[in-house]
**Q** 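Below you will find the structure I want to go over with you.
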Amino acid sequence: VLLHAPEGSSECPSVIIECTDRDLLPTFCSLTAGIVDDVERNGLTESHRVLRVVGEWERLFNGRSGLGRREEIGLWGELQFMLESDDIEYQVIAWQASARGRLDFVDARRAREIKTSTGGHRHRVSADQVALGDHHPDAALMSYWVADDPVGTTLAMQVDRVRAALTNAADFERGLLRYGYRDADRDRYERRMSVVGDRLEVPWDTLPRIRSWDAGAEDINYEIDLDH
């Protein structure tokens with residue numbers, strides 16, 4: 001990564017980053033593209049500031065790795081939502097990538113929570129999560145019903161489809177790492193799935209909810225059935 005040479009100087013500082021694991025190559029390419037983008041956009045002309053950007057990626061790589069079955073299905077659905085969008089680049093920017101205390105896709109105009117289930121349009125929600133959506137003027141729950149399908153797509157295939165649709169995948173790769181997805185684990189996610197029927201879009205103020213509970217009750221979770 002070549003940095004901008006100071007004015008009047010013929011010397012140009014550089015940072016050398018090497019990928020030693022072929023399984024990480026797609027993420028590595030996005031990492032280096034992201035660093036170049038940060039350098040050009042923010043005028044990072046000092047090596048230690050570039051290393052700060054590299055440090056952010058290092059922390060992501062060292063985060064949790066491996067998804068359980070429910071997380072695998074959940075991420076599959078969030079990627080499906082991106083793929084169905086008219087502006088996938090915009091959705092990637094709005095993606096909260098498993099951030100606690102946030103809905104899945106949030107921007108200045110709207111919020112979308114993605115729920116994916118293999119048991120119809122039935123989902124588990126928390127009272128805290130429902131209350132969170134009440135703070136957004138345009139919030140909705142997007143419900144996907146998925147089923148095993150021998151000609152469907154695996155989670156890794158979904159990841160590849162999103163990557164192929166992006167001109168700059170740096171934000172997407174950051175999100176995958178925050179979620180706990182690693183390309184090195186792609187063969188673990190063998191389940192092929194397809195969407196059953198149409199997705200449901202449910203305005204937030206129409207969601208079934210528990211409206212009151214006894215003082216002292218905490219961590220209220222319940223199941224909603226959107227087919228009724």
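Only a predicted model underlies this, so the values are computations on that prediction, with no experimental measurement involved.
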**Q** Can you name the closest pair of heavy atoms from Val159 and Phe172 and give their distance?
**A** O-CE2, 3.9 Å
**Q** Could you tell me whether the side chain of Ile224 reaches within less than 4.5 Å of the side chain of Arg122, counting heavy atoms only?
**A** no
**Q** Yes or no on side-chain hydrogen bond (donor to acceptor under 3.5 Å, both in side chains) for Ser117 and His123, after CA distance, side-chain angles and deciding distance?
**A** CA-CA 7 Å; Ser117 170; His123 308 288; 4.7 Å; no
**Q** Just checking Asp148: does its CG atom have more than 12 heavy atoms from other residues, nucleotides or ligands closer to it than 6.0 angstrom?
**A**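 Check passes, neighbour count above 12.
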**Q** Is there a donor-acceptor pair closer than 3.5 Å between any side-chain N or O of Trp204 and the backbone N or O of Ala131?
**A**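 Checked: no pair found.
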**Q** Show your reasoning for whether side chain to side chain contact (heavy atoms under 4.5 Å, CB included) applies to Lys115 and Leu200.
**A** CA-CA 10 Å; Lys115 293 291 187 182; Leu200 297 183; over 6 Å; no
**Q** Mark yes or no for whether Asn221, through its side chain, and Asp219, through its backbone, hold a donor-acceptor pair below 3.5 Å.
**A** yes
**Q** Got a second to check how far Tyr144's OH is from Arg199's CZ, nearest 0.5 Å?
**A** 4.0 Å
**Q** Any side-chain to backbone donor/acceptor pair from Glu113 onto Asp104? Under 3.5 Å, distance only.
**A**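 A pair under 3.5 Å: yes.
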**Q** Can you tell me how far CG of Asp107 sits from CZ of Arg112, rounded to the nearest 0.5 angstrom?
**A** 8.5 Å
**Q** Test Glu72 against Arg191 for salt bridge (charged side-chain N to carboxylate O under 4.0 Å, His left out), laying out the working first.
**A** CA-CA 9 Å; Glu72 177 185 355; Arg191 188 171 190 170; over 6 Å; no
**Q** How far does CG of Leu83 sit from CD of Glu78, to the nearest 0.5 angstrom?
**A** 12.0 Å
**Q** Do you see a donor-acceptor pair shorter than 3.5 Å between the side chains of Thr167 and Glu89?
**A** yes
**Q** Spell out, as yes or no, whether a donor-acceptor pair under 3.5 Å connects the side chain of Asp149 to the backbone of Met193.
**A**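 No, Asp149 side chain to Met193 backbone: no donor-acceptor pair under 3.5 Å.
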**Q** Kindly check if the number of other-residue, nucleotide or ligand heavy atoms within 6.0 Å of CH2 (Trp145) is above 12?
**A** no
**Q** Calculate, to the nearest 0.5 Å, the distance between atoms CG and CG belonging to Leu207 and Leu226 respectively.
**A** 7.0 Å
**Q** With a 4.5 Å limit on heavy-atom distance, are the side chains of His136 and Arg110 in contact?
**A** no
**Q** Check for a donor-acceptor pair, side chain of Glu218 on one end and backbone N or O of Gly216 on the other, with a separation under 3.5 Å.
**A** no
**Q** Check whether any side-chain N or O of Trp95 sits under 3.5 Å from a backbone N or O of Val106 as a donor-acceptor pair, and report yes or no.
**A**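 Checking the backbone N and O of Val106 against the side chain of Trp95, no donor-acceptor pair under 3.5 Å is found.
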**Q** Is there a side chain to side chain contact (heavy atoms under 4.5 Å, CB included) between Val195 and Trp76 once you walk through the steps?
**A** CA-CA 10 Å; Val195 176; Trp76 192 100; 3.9 Å; yes
**Q** Should Ile210 and Leu141 be regarded as members of a common hydrophobic cluster, given that ILVMFWY residues are connected when their side-chain heavy atoms come within less than 4.5 Å of each other, either directly or indirectly?
**A** yes
**Q** If you take all heavy atoms of Val162 and Met82, which pair is closest and at what distance?
**A**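 In this case the closest contact between Val162 and Met82 is CG1-SD, 4.2 Å.
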**Q** How long is the span from the CE atom in Met157 to the CZ atom in Arg186, to the nearest 0.5 Å?
**A** 8.5 Å
**Q** Checking the side chain of Asp185 only, and the main-chain atoms of Arg188 only, is there a donor and an acceptor separated by less than 3.5 Å?
**A** no
**Q** Can you find a heavy atom in the side chain of Thr116 that is under 4.5 Å from one in the side chain of Phe81?
**A** no
**Q** Can you hop from Ile93 to Tyr179 via hydrophobic side chains spaced under 4.5 Å?
**A** no
**Q** Closest heavy-atom contact between Gln80 and Gln158?
**A** OE1-NE2, 3.1 Å
**Q** Heavy atoms only: give me the nearest Gly66-Glu71 pair and the separation to one decimal.
**A** O-OE1, 4.2 Å
**Q** Give the minimum heavy-atom separation between Thr153 and Arg161, together with the two atoms involved.
**A**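 Answer, listing the atom of Thr153 first, then Arg161: CG2-NH1, 4.1 Å.
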**Q** Locate the shortest heavy-atom distance separating Val196 from Ala147; write the atom from each residue and the value.
**A** CG2-CB, 3.6 Å
**Q** In Å and rounded to the nearest 0.5 Å, what is the CE to CG distance from Met142 to Leu103?
**A** 12.5 Å
